[in-house]
Each structure stands twice: as structure tokens, then as C-alpha cells.
Amino acid sequence: MRLLLIHSDYIKYKTKSKTKIAEEITNEKKEGEFKNSLVVFTAVEKKDEKNPDGVVENAATEINDIFSKIGAETVVIYPYAHLSSSLSSPESAKKILHDMEIKLSSMNLNVARVPFGWYKSFEISCKGHPLSELSRTILPEKTEKETNEELNVQKSEFHILNKGQLYNVDEFQYQTNDFEKLVDYELDRTKSSGEEPPHVKLMKEKNLAGYEPSADIGHLRWYPKGRLIRDLLADYVYNLVTERGAMPVETPIMYDLQDEAIRVHAEKFGERQYRMQTKSKELMLRYACCFGAFRILADTFITWKNLPLAIYELSTYSFRLEKSGEVVGLKRLRGFTMPDLHTVCADLEQSMQEFNNQISMCDQTGEDLQLNYEVIIRVTDDFFQENREWVFQAASIIGKPIILEILPKRKHYWICKMDFAAIDYLGRPMENPTIQIDVESAERFGITYIDSEEEETHPIIIHCSPTGSIERVIGSLLEKTAIKMAEKLPMFPVWLSPTQVRVLPIAERHLDFALQLADDLIKQNIRVDVDDRPETVGKKIRNSGNEWVPYVIVVGDKELENNQLMVNIRESNEKTLMNSKELINRVHHDTINMPFRKLPLSLKLSERVNF
RNA sequence: GCCUCAGUGGCUCAGCCGGUAGAGCGAUGCCUUGGUAAGGCAUAGGUCGGGGGUUCGAAUCCCCCCUGAGGCUCCA
């Protein structure tokens with residue numbers, strides 16, 4: 001429907017002659033005049049016929065909105081076919097215009113309607129203020145907001161699930177602060193304190209990452225130390241999933257919206273995507289690896305013997321056009337890196353088994369990253385009724401109380417989902433790992449496998465991000481240090497610390513010894529550097545503290561003589577005497593089974609650049 | 001996206017009822033050659049986020065834009 005709205009001093013019309021499609025009218029409607037009126041020239045279009053009630057509803061809402069702003073006395077609906085080149089049938093148009101009149105009257109507006117299907121003369125005087133001339137295109141679909149409101153009418157139920165028992169969220173005895181905070185957040189009870197999350201300052205201060213004003217909002221630049229941590233985390237997830245049988249792939253970051261499945265999947269995401277137009281195509285930037293993974297799986301010949309089958313990709317990058325006011329630090333970005341695992345399962349039963357395995361995998365990442373996750377399992381009501389025992393069993397793998405959300409109806413593509421969240425300094429969750437059972441996408445993307453009956457069947461697909469986005473992991477680690485700052489010196493886990501061991505020569509004559517020691521440690525796959533700057537020991541100690549270096553060795557005359565090293569251990573804030581062998585063992589013990597990369601910075605601090 | 005606040009050397013910030021840009025850290029140079037969280041002295045470094053306006057004169061007042069923070073909203 002097309003509308004042209006004119007706020008007029010007056011409008012006068014007079015019917016001249018009938019057309020074939022004219023409506024029957026009484027004599028008094030043959031002419032008319034309306035003072036101070038909002039004249040709504042209206043053309044009803046073909047596509048309005050699909051949902052006449054919807055278009056009437058949306059048009060009335062829009063007209064009422066404008067009417068209330070300009071202070072006119074009357075709304076005059078004036079049929080005006082010339083606004084559109086794709087008109088509806090005259091019968092539909094009459095009905096819709098008539099319904100609009102009734103709808104607007106029911107909103108307590110003074111409404112008049114000019115007859116349909118007559119040749120008319122008219123005279124109008126436009127007031128000429130900024131809102132006096134407006135045009136609108138009204139679509140029959142419900143607006144996104146209304147759709148959301150409707151869905152939200154049906155509220156989820158929240159329970160606490162602990163040791164096979166359900167508890168009321170208000171009566172449960174909370175043992176930990178973090179868990180209570182997640183419950184508060186889910187129930188919309190979190191009070192905001194108005195502070196900046198500390199990780200934003202820390203990421204800049206520690207030379208990990210910074211904002212890039214010349215890019216779009218929410219795209220970061222990464223300095224060498226930050227890049228190193230990202231790479232280590234990428235290696236970590238790669239090992240984690242490939243050890244469990246997943247096969248790494250890499251897929252494009254942009255997709256053609258002419259592809260039906262991709263378009264439908266993308267439409268669901270609505271406004272929040274980057275789009276670009278080339279000469280011949282409209283492309284979107286991926287917001288996850290799903291597109292590429294699904295296309296690969298759709299083109300792969302799979303049989304029941306191959307299942308479950310998992311492919312893995314680290315999405316550097318995924319793009320989401322988050323609203324500008326929502327983008328913050330490492331927590332919410334427009335360009336981010338997400339490990340994305342897609343597992344094809346034969347049926348629901350297999351997907352639930354696999355889900356169990358992935359719970360353990362996600363739980364493991366909390367341990368390896370030294371992060372505390374609080375957990376929520378979300379299920380549709382249907383799924384819960386049929387798989388109650390399994391849900392309780394899945395919850396028990398976590399080994400502590402979790403939240404259970406039961407959604408009355410399936411809103412999205414998943415029927416069961418588990419989210420793991422670290423709690424930040426301000427008591428708000430940072431969503432990290434997630435697992436979802438997807439029952440929709442296989443069909444939409446044409447993914448099939450041959451089952452044991454030799455039938456082509458659509459599988460169930462599990463989406464899983466074992467750590468959540470790499471940026472959020474780093475953000476969570478920084479938030480954790482801020483929380484613990486009061487009781488403990490802040491630091492990263494040793495395997496993620498850019499410098500693991502720093503050697504501080506006291507005077508120039510100790511430098512060769514320091515370099516030799518560093519070299520020995522480097523050969524043992526330890527990231528070492530040497531603070532060779534002509535500064536006092538006190539200052540070098542202070543600097544190494546600011547850089548959160550886990551082990552700092554001061555070498556002077558004593559060390560040159562007796563081969564014993566005085567090691568400052570950040571973890572315990574103690575000084576301990578040990579030899580280099582013991583130090584190497586200790587670092588190896590700290591980083592056991594974790595990935596290693598060399599330090600991509602110059603060995604001597606005197607040669608380093610400050611970012 | 002909306003509302004509120006902010007943007008001054010590489011970093012943290014002062015100056016802001018208009019009158020020639022300041023400090024600390026960092027950097028550089030010299031002195032100090034040292035034992036566990038800032039040794040001393042000196043030097044360099046700023047189109048005061050960008051653009052426009054008011055004014056004899058703008059970091060300071062006004063308008064627009066960009067970037068950031070908080071809140072609202074949102075996160076498939």
C-alpha cells in the first residue's frame with residue numbers, strides 16, 4: 001500500500017461521473033469539504049491482498065502516529081490509484097479502504113472516506129509545514145517489533161536444576177555469587193552500575209588490542225602480544241576438536257544472496273548483517289561459519305556409517321552489524337573470531353549422545369583457560385516433555401547447579417541449547433561456549449545422508465563453539481584478573497603469557513650470562529626475554545610486574561658463581577631459589593598439554609617497540 | 001539506533017565563565033654500575049578529534065560530523 005499524506009487547511013471534492021468499478025453512494029457523499037484535515041491519498045497494491053488485515057493494521061498505526069503529531073481534526077481517506085503501478089483488484093481495494101475507515105474510527109479518530117471508483121474534481125490547500133507532506137509504503141507483514149512482542153507474550157519458564165532436582169529460582173539456596181548473578185541476569189533483575197568493564201582498559205594497557213578508528217566500529221587492531229594470545233587460543237581449539245575427530249575446513253566469508261537457502265537463513269538475521277553490492281551480485285558477509293559448513297555438507301556424500309561427522313572452522317572473521325551503542329571492548333564486536341564446529345548426527349538420539357560429549361569438551365575449556373563458567377540449558381517445551389531424563393542427565397555432567405529455561409514454543413532453529421557464561425567484573429555474563437541441536441538447517445540446505453535402510457534422510461546438526469569467540473575468551477580472562485586483583489596479582493595462565501620468563505641482569509657484566517640462560521630456556525620451548533636496559537633492578541621488577549610476567553629471574557654476581565637462580569614467582573608472589581633445570585620443569589608443568597608458540601618479539605627489551 | 005557524558009604530546013590527565021598550551025609516565029641524551037614494584041639531570045614531542053560559525057582574538061562559546069563511555073534496546 002502506498003500513502004501520500006497531506007496536512008491541509010481544507011480539501012473539497014466533487015464526484016463527476018462513475019467508472020465501472022464505482023461503489024454505490026448516497027447523495028450526500030457526492031461532494032464534501034473537510035477543514036484542518038490529514039488527507040491520506042491511498043493506493044492499495046497487489047501484495048496487500050495476501051494479508052488485508054495486516055496492511056490495514058499497519059496503515060492505521062502509521063496514520064494515527066502522524067495524526068497525533070500534527071494536530072489535524074479529521075482523517076480523510078482518499079482513494080488515489082496513481083501512487084502505484086501494481087494495483088490490487090478493485091474489490092480488495094474497496095474492502096481494505098472500508099476496513100481502514102472502521103479501524104481508524106475505532107481508534108477514536110474522526111474519519112471520512114471519499115468514494116471509490118468515481119471521477120472526481122478536488123481542491124486542496126497544503127499547510128506547508130515540515131510534516132505536512134509525507135509519503136509512506138505500508139507492507140502487510142507484521143513489523144519486526146510486533147512479531148517479537150507476540151513471541152514474548154509467551155514467556156519462558158526458569159528453574160534451577162541441581163542433582164536431578166528442579167528448584168524454584170526464588171527459593172534456591174545459592175552457593176556461589178556468579179551463579180546467582182547469571183540467574184538475576186536471565187530474569188532481568190541485573191542492576192547496572194554504570195562503570196566501564198575493566199577489560200577495555202586492560203586490553204590497551206597490556207598492548208594486546210586497540211580500537212581502529214579508521215575501520216568500522218567494533219573492528220580491532222591486534223598488537224604482537226594480543227596476536228600471540230589469539231594464535232595460541234586458535235591452536236588450542238584446533239587441537240581440542242581435531243583430537244576428538246573433527247576435520248578442519250575453511251570457507252568463504254561472503255555469500256551470494258541469490259542462493260535461496262542462504263537468503264532465507266540470512267533474512268532471519270535481519271538488519272544485523274553487512275551487505276555489499278557488486279556489479280552483478282548482492283553479497284552478505286558471514287555472521288558465522290554455518291553457511292560454508294552447510295554448503296560443504298550438502299555437497300558431500302554421507303552415509304550412516306560416517307556419522308557422527310564433524311567439520312571445524314575458526315572464523316577469522318565473522319561479521320555482525322551490531323547496533324553502534326551495543327559494541328563494547330572485546331565483549332561485543334562487529335568483526336570477531338569464532339571457533340565453529342558442526343556435527344552431523346543421524347538422528348535425535350545420536351545428537352543427544354554427541355551433545356553429552358560436547359558438554360564435557362566445553363567444560364574442559366573452562367578448566368584449561370582457568371575460567372569459571374556458569375551454565376544454562378534451554379529447551380523447547382516439547383523437547384523437555386519427551387526427553388526429561390536426558391536433560392537432567394546432561395545437566396549433571398556440569399556437576400553444579402545450572403539454570404533450566406523452558407521455551408513454550410520453538411522460536412529459532414534449535415530445540416535444545418546449552419550456554420556457558422563467564423561472569424564479568426560488573427556481574428554480567430559474557431557468553432562463551434555454546435552447543436545447539438539444530439533441526440531445521442539440514443532440510444533448508446539440502447544436507448542428506450544415506451541411512452541403514454538405504455534411504456536419503458535429513459540429519460540433525462549440532463552447532464558448537466567450544467570456547468565462544470576468541471575475543472570474548474581474552475575479554476573474560478582480563479575481567480577475571482580484575483575481579484581477583486584484590487586477593488592476587490593479576491596474570492594470564494602461563495601457557496598464554498606472552499613472556500613466560502624474564503631475566504634481569506643487574507649490571508652489564510651479567511648480560512652474557514643472562515643471554516646464555518635465556519638461550520637455554522628458549523631451547524626448551526619457553527618464551528623468554530632479557531631486560532638489558534640500564535635501569536635499576538627495582539624498576540625492571542616493577543615493569544615485569546606490569547607486564548604480568550609469571551617468572552622473573554634476577555641474575556648478578558651470586559648467580560654467576562653458584563648456578564642457583566633467584567626466581568620471582570608471580571602466582572604465589574614468592575621468591576624461590578632453584579636451578580635452571582627446576583625452572584624448566586616448573587614451566588613445563590604449568591603448560592602441560594597446552595600449545596606453544598615462540599615469542600614474536602625481540603629477546604632484548606632495549607630493542608623493543610612500544611605499541 | 002535513541003538519551004546522557006567525554007575526546008588536549010605515545011599513555012594518564014590538568015587547563016575550559018575567551019587573551020601566547022601544562023604536568024606525570026614513556027621516549028631520547030648524559031650522569032649513576034646497581035640485589036627485588038619508579039635513581040638523578042637535561043632535551044625533544046601538541047593544527048587541543050574533524051569541519052563550519054560567533055569574536056579583534058576560540059582548547060575554552062554555538063552548530064554539524066567522527067570516535068569513545070554509560071544507560072535504554074538488542075545479541076538468531
Side-chain angles (χ1 to χ4, degrees), chain A residues 144-145 147-149 151-152 185 188 190-198 200-201 204-207 210-219 223 264-273 287-288 290 318 320-329 331-334 336 378 407 410-414 417 419 421 426 428-431 434 436 438 440-441 463 468-469 472 489 502 504-511 531 533-549 552-560 565-570 573-576 606 608-611:
Chain A
E144 195 184 329
K145 203 178 163 192
T147 313
N148 286 342
E149 274 165 11
L151 284 168
N152 287 340
Y185 186 85
D188 239 357
T190 302
K191 282 174 253 131
S192 43
S193 63
E195 289 172 83
E196 175 179 343
V200 178
K201 203 173 167 181
K204 294 182 202 168
E205 203 176 285
K206 302 303 163 202
N207 285 331
Y211 293 119
E212 174 50 75
S214 295
D216 190 19
I217 301 164
H219 295 263
Y223 304 112
V264 172
H265 204 74
E267 293 291 310
K268 294 196 155 193
F269 195 54
E271 298 285 294
R272 289 172 183 266
Q273 45 183 296
Y287 49 80
C290 304
S318 284
R320 301 188 183 185
L321 196 59
E322 305 290 5
K323 291 190 201 166
S324 58
E326 294 162 356
V327 173
V328 54
K331 193 170 182 176
R332 198 78 172 272
L333 290 159
R334 282 185 173 177
F336 60 95
R378 308 180 203 265
L407 293 88
R410 179 149 69 88
K411 267 202 256 185
H412 313 302
Y413 55 72
W414 51 264
K417 178 179 199 232
D419 291 323
L426 302 171
R428 295 177 302 200
M430 275 176 108
E431 274 172 38
T434 181
Q436 303 162 0
D438 176 351
E440 247 180 39
S441 300
H463 303 242
S469 93
R472 278 190 182 170
L489 295 173
R502 175 162 295 169
L504 305 189
I506 291 175
E508 231 174 281
R509 66 177 178 278
H510 308 121
L511 183 58
D531 192 344
R533 297 171 306 171
E535 297 290 350
T536 58
V537 173
K539 185 156 183 174
K540 291 180 186 179
I541 288 279
R542 183 184 156 86
N543 287 152
S544 65
N546 287 337
E547 288 182 56
W548 299 355
V549 177
V552 180
I553 309 165
V554 179
V555 297
D557 293 338
K558 274 187 261 170
E559 285 73 16
L560 259 70
L565 304 170
M566 183 58 87
V567 182
N568 295 254
I569 303 168
R570 189 166 179 81
N573 197 18
E574 284 169 344
K575 278 180 287 202
T576 306
S606 64
R608 263 189 210 171
V609 183
N610 255 325
F611 289 97

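Letters go in sequence order (proteins before strands), and every chain restarts at 1.
Across all strands shown, B:G35 forms no Watson-Crick or G-U wobble pair with both key distances under 3.5 Å. Nucleotide B:G22 has B:C13 as its partner under the Watson-Crick or G-U criteria, with both atom distances under 3.5 Å. In a base pair of the Watson-Crick type (N1 to N3 plus N6-O4 or O6-N4) or a G-U wobble (N1-O2 and O6-N3), with each distance short of 3.5 Å, B:A6 is matched with B:U67. Pairing of B:U54, defined by two Watson-Crick or G-U wobble distances under 3.5 Å, is not identified with any nucleotide. For B:G1, the paired base is B:C72 (Watson-Crick or G-U wobble, both distances below 3.5 Å). Remark: B:U28 base-pairs with B:A42; criterion is Watson-Crick or G-U wobble with both hydrogen-bond distances under 3.5 Å.
As judged by a 4.0 angstrom heavy-atom cut-off over every strand, A:Gly556 is placed among the base-contacting residues. Residue contacts for A:Lys540: at a heavy-atom cut-off of 4.0 Å it reaches no nucleic acid atom on any strand shown. At a threshold of 4.0 angstrom between heavy atoms, the contacts of A:Arg570 include nucleobase atoms, whether or not backbone atoms are also involved. If you check every strand for non-hydrogen atoms under 4.0 Å, A:Gln436 touches nothing. Residue A:Asp557 is in base contact, counting any heavy-atom pair closer than 4.0 Å across all strands shown. Here A:Tyr223 lies out of heavy-atom contact (under 4.0 Å) with every strand.
Taking atom CZ on A:Phe611 and atom P on B:C11, their separation rounds to 14 Å, with Å as the unit. Between A:Arg502 atom CZ and B:U36 atom P there is a gap of 18 Å when expressed in whole angstrom units. The separation between A:Asn546 atom CG and B:C11 atom C1' is 13 Å, rounded to whole Å. Rounded to an integer number of Å, the gap from A:Arg320 CZ to B:C74 P is 17 Å. Distance CG (A:Asp188) to C1' (B:C74): 12 Å, rounded to an integer number of Å. Rounded to whole Å, the distance from CD on A:Glu322 to P on B:A76 is 9 Å. For the pair A:Leu321 CG and B:C74 P, the computed distance is 17 Å after rounding to whole Å. A:Asn543 has its CG atom 13 Å from the C1' atom of B:U36, to the nearest Å.
A sub-4.0 Å separation between OP1 or OP2 of B:G34 and a side-chain N or O of A:Thr536 is absent.
Distance NE2/A:His510 to CG/A:Leu560: 5.5 Å, rounded to 0.5 Å. Rounding to the nearest 0.5 Å places CG of A:Asn546 at 7.5 Å from CD of A:Glu205. Rounded to the nearest 0.5 angstrom, A:Ile541 CD1 and A:Asp531 CG are separated by 9.5 Å.
Straight-line distance between the P atoms of B:G68 and B:U8: roughly 14 Å, to the nearest whole Å. Rounded to whole Å, the C1' atom of B:G7 lies 14 Å from the corresponding atom of B:G46. A distance of about 22 Å separates the C1' atoms of B:C11 and B:C16, rounded to the whole Å. Comparing B:U20 with B:U47, their C1' atoms sit 15 Å apart, to the nearest whole Å. Comparing the C1' positions of B:C25 and B:G39 gives a spacing of 16 Å, expressed to the nearest Å. Across B:A38 and B:G24, the matching C1' atoms stand 11 Å from one another, rounded to whole Å. The separation of B:G71 from B:G29, taken at their C1' atoms, amounts to 50 Å, rounded to a whole angstrom. Only the P atoms considered, B:G51 is 12 Å distant from B:U60, to the nearest whole Å.
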(message) Across nucleotides 66-73 of chain B, 5' to 3', mark each nucleotide with B, S or - according to how protein heavy atoms within less than 4.0 Å reach it.
(response) -SSSSSBB
(request) Summarise how protein sits on nucleotides 40-49 of chain B as a single string, 5' to 3': B when a protein heavy atom is under 4.0 Å from the base, S for sugar-phosphate-only contact, - for no contact. (result) ----------
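Side chain to side chain, A:Asn543 and A:Arg533 meet the donor-acceptor criterion of an N or O pair below 3.5 Å. In this structure, a donor-acceptor pair under 3.5 Å is absent between the side chains of A:His412 and A:Asp438.
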(request) For the pair A:Leu321 and A:Arg334, evaluate side-chain contact (heavy atoms from CB on, under 4.5 Å) and give the outcome as yes or no after the intermediate values. (result) CA-CA 5 Å; A:Leu321 196 59; A:Arg334 282 185 173 177; 3.6 Å; yes
(request) With side-chain contact (heavy atoms from CB on, under 4.5 Å) as the test, would you mind laying out the steps for A:Asn568 and A:Lys575 before giving the verdict? (result) CA-CA 5 Å; A:Asn568 295 254; A:Lys575 278 180 287 202; 3.4 Å; yes
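Along RNA chain B, the nucleotide nearest A:Tyr287 and the nucleotide nearest A:Val537 are compared for position; the residue whose nucleotide lies closer to the 5' end is A:Val537.
At distances below 3.5 Å, at least one donor-acceptor pair connects side-chain atoms of A:Tyr211 with backbone N or O atoms of A:Gly329. A:Arg272 places no side-chain N or O within 3.5 Å of a backbone atom of A:Arg320 that could act as its donor or acceptor partner. A:Glu559 contributes a side-chain N or O that, together with a main-chain N or O of A:Gly556, makes up a donor-acceptor pair within less than 3.5 Å. Formation of a donor-acceptor pair under 3.5 Å by the A:Lys540 side chain with backbone atoms of A:Ile506 is not found in this model. A donor-acceptor contact shorter than 3.5 Å is absent between the side chain of A:Glu322 and the backbone of A:Arg332. Within the 3.5 Å criterion, the main-chain N or O of A:Tyr185 finds no donor-acceptor partner in the side chain of A:Arg428.
The salt bridge (Lys or Arg N to Asp or Glu O under 4.0 Å) test with A:Glu547 is passed by exactly one of A:Lys206, A:Arg502, A:Arg570: A:Arg502.
The listed nucleotides are B:A37, B:G35, B:A76; the one nearest the side chain of A:Lys417 is B:A76. Set against B:A76, B:G35, B:C75, the side chain of A:Arg472 has B:C75 as its closest nucleotide.
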Between the protein and nucleotides 27-33 of chain B, are there any N/O to N/O pairs under 3.5 Å, and if so, what are the atom names and distances?
none

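Side-chain contact between A:Trp414 and A:Arg378: present, with at least one pair of heavy atoms (C-beta onward) separated by less than 4.5 Å.
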